[in-house]
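Heads up, the thing below is written out as structure tokens.
Please read all numbers here as calculations on a predicted model, not as lab measurements. Counting from 1, the numbers follow the sequence of the chain as shown.
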Amino acid sequence: MASSKPSSQGANPVGAYLASRKNQVGLLMAIVVVVLHIVFGFGAYWPIAALAAYGAGAALTPPPRRPELEPAPVVPTPQLLARTLAETTQRLLAAGPPAGVETRARELDANARFVLGEWDHLEPTPDHRQTMWNIIQVYYPEITATFVGGSHYRDPRAVAVVVGSLTTLSQAAGRIKQGILDDNLRAMDSQAQYLRTQLGALPGLDENPAG
């Protein structure tokens, strides 16, 4: 038998309004008018004045503030890309691809992880950052989804296409990786030249002290 008690979810809107700040402020304003009428006398129009005061108080009272939600934490781009890279590689390898596909996937994964670890190094070259974003966030997942989702993904022709695509992506990431390594080597060489200019030949740096 259904209960006759009102559900707590279907709260009475009249009761909710009576308990609201708008109603309380409006009543307070009306009471002030009534008190002023008793003291000073507003004549026959005091009920109208009380109603007007109630309406003004209720209308001008702002609704209660809703608690502000904390903004969602911003995930750094390298962390976001590393997550996508790991998920894509895991999905591809979990399908048990042929050896050639697995080799290229692991090569791409290694090159991309190196670049992500040197993400700050790419700040002067935003085009390289965009390239890595496209590789990891767009091309690699699309290639993997098409290959794994196909019914003939072990077909030699399909394997050759995927190997070629993964090779292209790996080489692109590899060129960026090599650029970072070359920059680091140039920086080390410049530092060594500076030390030789400023400090001269120091034992342990340019010559064998025992010689």
Hey, does [Y] have a side-chain heavy atom less than 4.5 Å from the side chain of [X]?
X: Leu81; Y: Pro78; answer: no
X: Glu123; Y: Arg129; answer: yes
X: Ile180; Y: Phe114; answer: yes
X: Thr84; Y: Trp133; answer: no
X: Leu116; Y: Thr77; answer: no

Whether the side chain of [X] engages the backbone of [Y] through a donor-acceptor N/O pair (distance < 3.5 Å, no angle test) should be reported.
X: Ser170; Y: Leu166; answer: no
X: Arg91; Y: Thr144; answer: no
X: Thr146; Y: Ile143; answer: no

* Asked: Is the closest basic N to carboxylate O distance between Arg83 and Glu87 below 4.0 Å?
  -> no
For [X] and [Y], which heavy atoms make the closest approach, and how far apart are they?
X: Ala173; Y: Ala112; result: CB-N, 4.4 Å
X: Pro124; Y: Asp120; result: CD-O, 4.5 Å
X: Ile135; Y: Pro141; result: O-CD, 4.0 Å

Reported [atom1]-to-[atom2] distance for the pair [X] and [Y], which is rounded to 0.5 angstrom:
X: Thr103; Y: Leu108; atom1: OG1; atom2: CG; result: 12.5 Å
X: Arg104; Y: Thr168; atom1: CZ; atom2: OG1; result: 10.0 Å
X: Gln171; Y: Gln178; atom1: CD; atom2: CD; result: 13.0 Å
X: Met132; Y: Thr125; atom1: CE; atom2: OG1; result: 11.5 Å
X: Arg113; Y: Leu85; atom1: CZ; atom2: CG; result: 5.0 Å
X: Leu181; Y: His121; atom1: CG; atom2: NE2; result: 9.0 Å

* Just checking, is any N or O donor in the side chain of Thr89 or Tyr140 under 3.5 Å from an acceptor N or O on the other one? -> yes
* Asked: Do we see a donor-acceptor contact under 3.5 Å between the side chains of Asn111 and Glu107?
  -> no
* Do Val161 and Leu169 sit in the same hydrophobic cluster, where Ile, Leu, Val, Met, Phe, Trp and Tyr count as joined when their side-chain heavy atoms come under 4.5 Å apart? -> no
* Same hydrophobic cluster for Leu93 and Tyr139, using side-chain heavy-atom links shorter than 4.5 Å among ILVMFWY? -> no
